[in-house]
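Single-structure report; data block below.
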Amino acid sequence: MLWVKSFHIVFVASWFAGLFYLPRIFVNLAMVPPGSEAERARLLLMARKLMRFTNLLMVPAVALGLWLWIGYGIGWGPGNAWMHAKLTTVVLVLGYHHACGRLLRKFELGMVQRSHVWFRWFNEIPVLMLLAAVILVVVKPF
């Protein structure tokens, strides 16, 4: 079980690294001045590659988490309400990941109407979700 848990932590940390940086690229894309096609193309290429890599990291992170939960029974039984909250957090992270993919497609199509300030705030969401997940797993507040 410790091997599975170790790899789960590594893949989750790597997945979140992508979720931290991809919206930062969105901030930069939102700030590209009109007519700067080379800069826009470079940032879109970076975002596409990071999204692809982040997608690849998400799969083992979720699979290993399911293995720990279902295979080893972590979080089952009475007194494990923290696991329900953590699973809710995981669903929110998956939704955020999906939202990043949709935003990337909108950037590619030139359909983004949001400012760089909005993307700066959007960029903070995965930090809060990671904080919540870690506290729920380590502290098990309920």
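In what follows, every heavy atom counts, from backbone to side chain, and hydrogens, waters and symmetry copies are set aside. Please read all numbers here as calculations on a predicted model, not as lab measurements.
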The reported gap from CE in Met46 to CG in Leu22 (rounded to nearest 0.5 angstrom) is 10.0 Å
For Ala30 and Phe107 the tightest heavy-atom approach is N-CE2, 4.0 Å
Are the side chains of Pro126 and Val93 in touch, meaning some heavy atoms are under 4.5 Å apart?
no
Rounding to 0.5 Å, atoms NE2 (His8) and CG (Leu64) come to a distance of 7.5 Å
Heavy-atom neighbours of Phe7 CZ exceed 12 at 6.0 Å: no
If Ile, Leu, Val, Met, Phe, Trp and Tyr residues are connected whenever their side-chain heavy atoms lie under 4.5 Å apart, and connections chain through other members, are Val137 and Val10 in the same group? no
Counting heavy atoms not belonging to Lys5, are there more than 12 under 6.0 Å from its NZ?
no
| Step-by-step side-chain contact (heavy atoms from CB on, under 4.5 Å) determination, Leu103 to Phe119 | CA-CA 10 Å; Leu103 284 167; Phe119 285 106; 3.9 Å; yes
In terms of heavy-atom contacts, His97 and Leu19 come closest through ND1-CD2, 3.8 Å
Looking only at heavy atoms, the pair that brings Ile74 and Met83 closest together is O-CE, 3.3 Å
Q) Between His98 and Leu94, does a side-chain contact (heavy atoms from CB on, under 4.5 Å) hold up when you go through it step by step? A) CA-CA 6 Å; His98 178 72; Leu94 289 167; over 6 Å; no
Notebook entry, point to check: Does a donor on one side chain and an acceptor on the other come within less than 3.5 Å for Arg120 and His116?
Noted result: yes
**Asked** Is it the case that one hydrophobic cluster holds both Val117 and Leu43, taking links as side-chain heavy atoms less than 4.5 Å apart, direct or via other members?
**Response** no
Taken to the nearest 0.5 Å, the spacing of Met51 CE from Thr54 OG1 works out to 6.5 Å
CG of Leu87 to CH2 of Trp69, rounded to nearest 0.5 Å, is 5.0 Å
Between Ile135 and Pro141 the two heavy atoms that sit nearest each other are O-CD, 3.9 Å
Are any non-hydrogen side-chain atoms of Glu108 and Arg105 less than 4.5 angstrom apart? yes
Quick check on Trp82: does its CH2 atom have over 12 non-hydrogen neighbours (other residues, nucleotides or ligands) under 6.0 Å away?
yes
Between Leu68 and Ile9, is there shared hydrophobic-cluster membership here, with clusters defined by ILVMFWY side-chain heavy atoms closer than 4.5 Å?
no
Smallest heavy-atom separation, Ser14 atom then Leu57 atom, equals O-CD1, 3.5 Å
ask   = Under a single-linkage definition using a 4.5 Å side-chain heavy-atom cutoff for Ile, Leu, Val, Met, Phe, Trp and Tyr, are Ile25 and Val127 assigned to the same hydrophobic cluster?
value = yes
dist Leu104:CG -> Leu50:CG (nearest 0.5 Å) comes out at 9.5 Å
Q. Quick one: do Trp121 and Val112 end up in the same hydrophobic cluster if we chain Ile, Leu, Val, Met, Phe, Trp and Tyr together by side-chain heavy atoms under 4.5 Å apart?
A. no
For the residue pair Tyr21 and Phe53, is the inter-centroid distance of their aromatic rings smaller than 6.0 Å?
-> no
When every non-hydrogen atom of Asn80 is compared with those of Gly75, the smallest separation belongs to CB-O, 3.2 Å
Output for pair (Trp118 CH2, Gln113 CD), nearest 0.5 Å, gives 12.5 Å
Side chains of Trp15 and Val62 in contact at under 4.5 Å (non-hydrogen atoms):
yes
